[in-house]
Colleague: 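Here it is: the structure, laid out below.
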Amino acid sequence: MVHTFRCLGVNIAVDVNSGAVHVLDGLMYDLLTALAEQDESGKLLSGPMPEELLAQLPQHDPAALKEAWAELGELREQGLLFEEDDYIDREKAASMQQQALVKALCLHVSHDCNLRCKYCFASTGDFGTGKRMTMDVETAKKAIDFVIVKSGNRRNIEVDFFGGEPLMAMDTVKATVEYARSIEKEHNKCFRFTITTNGVLLDDENIAYINREMSNAVLSLDGRKEVNDDLRPTVNGKGSYDVIVPKFKKLIEGRGTKDYYLRGTFTRFHKDFAEDVKALAAIGKHVSVEPVVGKEDDPYALQEADLPELKAEYERLAEYLKDHRETNFFHFNVDLAQGPCVIKRLRGCGAGCEYVAVTPDGDIYPCHQFVGNGDYKLGSVYDGTFDKELSSQFAALNIYTREECSHCWARFYCSGGCSASNLLVNGDIRHPHKVGCELERKRLECAIALRALASGMAE
């Protein structure tokens, strides 16, 4: 499979199975696009250029087309074009369906929040339970014990302090870090901590602690002041921007080389999200602004009718970032040289098998977005239960067991999408939703074009 597209004034071809990316002149682009539409395997390249294909491209010189045809044939011989799939129907793909070790926790230290975000998937903090609560230290310790056991021989463990708003349970956060550090050597583990915060409760003490102990900090802010204050009001309905931004700036100034992301969400009411990326980039250079996901009847959810406008906005953002390379936009990060490991390329985030969420009362779910859905409860850190059959269903999800993904050019970059989003929109963790897939493909085209320009491939 070969995918050709134009973006940022560059003609690009992606050979899906080899991962090769080619920057093409106009003649080569037209020829390869026409060929790929007729022959997905590229077998025609083993012979002379068909006259009917030549007739489809009257705008180009026949001699030049035949020379380009020979060059395409050489690329195919080198395994850089129309390469066969190395994983499908082979042992590596089958191994994806095995139970995995749990290597990451999303620790819900708080099911409460001091903001009332209008699009919140967590029902403004209580995850639809009607019960606002924080995690006690005993539960947090049992969660750490759980992941130590379930991670087997794996040494590196990820723990994300999440909510609600985790700073509302800062005592539990500190006690958890202290406990994990106190036992990691005896179990041959190394913990890496992340915290996701809306920033309302940040003070000098919390900022210093986060910058000392957290390997990554995700700072929630939706961009411009007017957008953020519309979408992320406080409990009393006031805007949160002026309270939060000075605190985020101070935290970022003290991060040094440690990771952080200013993380926003855009909805169908604020589709000019490129402006929000610019606003966040003025605060810190690491930015992620992501599309909201919701059911079709959710007023904030992005609809199929929004796609042309949203795709144009991603191109507008890419045009801006082309000249502002100091800004690191998360969704335009792509490694053309090597990419993620094989398992991640085929299975994605690992929710439900490699990664689980633990609630304040110790219940275990596949990830934070499944919390509260009893059909997907995996077990409890208190009674030691863990539903291996349900976990295996998640472990079995990959780009081949998801039928739509197996035919998509972006499959090795996207890895099958988000199971929770699929369930929310389509009622089935196996079936990706169209709007999300369309936006993912557009982001990838922009990302690949930006990387080609940055690397000099397009010069």
Side-chain angles (χ1 to χ4, degrees), residues 91-92 94-109 135 137-162 166 172-196 209-218 255-261 286 330 333 335 337-359 362 364-368 378-382 384-388 390-392 394-398 415:
E91 185 177 348
K92 284 183 179 179
S95 70
M96 295 303 97
Q97 301 185 29
Q98 297 176 0
Q99 184 70 35
L101 298 173
V102 178
K103 62 182 183 181
L105 288 181
C106 183
L107 206 58
H108 288 224
V109 291
M135 180 181 286
V137 174
E138 181 184 2
T139 304
K141 288 181 176 180
K142 286 187 176 295
I144 295 297
D145 293 340
F146 164 83
V147 75
I148 285 176
V149 172
K150 291 296 183 180
S151 59
N153 293 327
R154 182 180 177 86
R155 184 168 185 269
N156 295 318
I157 306 295
E158 305 275 340
V159 176
D160 180 12
F161 294 107
F162 200 74
T172 299
V173 170
K174 292 179 178 180
T176 305
V177 172
E178 181 181 4
Y179 177 68
R181 293 286 184 232
S182 72
I183 63 174
E184 63 182 348
K185 287 185 179 179
E186 68 177 276
H187 294 286
N188 193 30
K189 304 294 181 184
C190 178
F191 283 91
R192 182 181 184 273
F193 297 103
T194 296
I195 195 163
T196 300
Y209 182 84
I210 289 170
N211 284 343
R212 183 173 66 251
E213 299 292 345
M214 302 294 154
S215 298
N216 197 2
V218 181
R255 284 302 283 171
T257 59
K258 286 190 172 182
D259 293 335
Y260 73 87
Y261 268 97
H286 301 293
F330 178 79
N333 285 338
D335 186 348
Q338 186 172 6
C341 67
V342 169
I343 290 178
K344 192 165 182 63
R345 285 169 70 89
L346 300 187
R347 187 161 64 191
C349 72
C353 48
E354 297 177 322
Y355 163 80
V356 298
V358 180
T359 68
I364 305 169
Y365 288 89
C367 83
H368 57 287
L378 283 164
S380 171
V381 298
Y382 272 96
T385 56
F386 189 72
D387 190 335
K388 291 184 178 180
L390 178 57
S391 180
S392 293
F394 282 87
L397 293 172
N398 59 62
S415 308

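Heavy-atom basis, side chains included; hydrogens, waters and symmetry copies ignored.
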Colleague: Drop me the distance from S215's OG to I210's CD1, to the nearest 0.5 angstrom.
Modeller: 12.5 Å
Colleague: Would you call the rings of H368 and H108 parallel, tilted or perpendicular if under 30° counts as parallel and over 60° as perpendicular?
Modeller: tilted
Colleague: Before accepting this row, confirm whether a basic side-chain N of the pair R181/E184 lies closer than 4.0 Å to the acidic partner's carboxylate O.
Modeller: yes
Colleague: Mark yes or no for whether T176, through its side chain, and T172, through its backbone, hold a donor-acceptor pair below 3.5 Å.
Modeller: yes
Colleague: What pair of heavy atoms forms the shortest contact from T194 to V218, and how long is it?
Modeller: CG2-CG2, 4.2 Å
Colleague: If I take atom OG1 from residue T359 and atom CG from residue L107, how far apart are they, to the nearest 0.5 angstrom?
Modeller: 9.5 Å
Colleague: Of the non-hydrogen atoms in L390 and D387, which two are nearest, and what is the gap between them?
Modeller: N-OD1, 2.9 Å
Colleague: Working to the nearest 0.5 Å, report the span between OH of Y179 and CG of D145.
Modeller: 3.5 Å
Colleague: Would you say the side-chain atoms of K258 pair up with the backbone N or O of R212, donor to acceptor, closer than 3.5 Å?
Modeller: yes
Colleague: Sub-3.5 Å donor-acceptor pair from the side chain of T385 to the main-chain atoms of S380, do we have one?
Modeller: yes
Colleague: On the ring face of Y209, is K174 found with NZ or CZ under 6.0 Å from the centre and within 45° of the axis?
Modeller: yes
Colleague: With a 4.5 Å heavy-atom cut-off, do I157 and C190 have their side chains touching?
Modeller: no
Colleague: Quick one: do S151 and K189 satisfy side-chain hydrogen bond (donor to acceptor under 3.5 Å, both in side chains)? Show the steps, please.
Modeller: CA-CA 9 Å; S151 59; K189 304 294 181 184; 2.8 Å; yes
Colleague: Do V159 and I144 touch side chain to side chain, with heavy atoms closer than 4.5 Å?
Modeller: yes
Colleague: Using a 4.5 Å cut-off on heavy atoms from C-beta on, say whether the side chain of E138 contacts that of Y382.
Modeller: yes
Colleague: Looking at every heavy atom in both C353 and A395, which two are closest together, and how far apart are they?
Modeller: SG-CA, 3.8 Å
Colleague: Any chance you could lay out the side-chain contact (heavy atoms from CB on, under 4.5 Å) test for F386 and I364, step after step, and finish with the verdict?
Modeller: CA-CA 8 Å; F386 189 72; I364 305 169; 4.1 Å; yes
Colleague: Looking only at heavy atoms, what is the nearest atom pair of I195 and P166, with distance?
Modeller: CG1-CG, 3.9 Å
Colleague: Which heavy atom of Y355 sits nearest to which heavy atom of C367, and what is that distance?
Modeller: CE2-CB, 3.4 Å
Colleague: So, D259 and R192, do they make that salt bridge, N to O below 4.0 Å?
Modeller: yes
Colleague: Drop me the distance from E158's CD to F193's CZ, to the nearest 0.5 angstrom.
Modeller: 10.0 Å
Colleague: Give me the ring orientation class for Y261 and F330: parallel if the planes are under 30° apart, tilted from 30 to 60°, perpendicular past 60°.
Modeller: perpendicular
Colleague: Taking the side chain as every heavy atom from C-beta outward, state whether V177 and F191 have any pair of such atoms under 4.5 Å apart.
Modeller: no
Colleague: How many angstroms lie between atom CE of M214 and atom CZ of R255, to the nearest 0.5 angstrom?
Modeller: 9.0 Å
Colleague: Rounded to the nearest 0.5 Å, what's the gap from CZ on R154 to CD on E354? Could you check?
Modeller: 7.5 Å
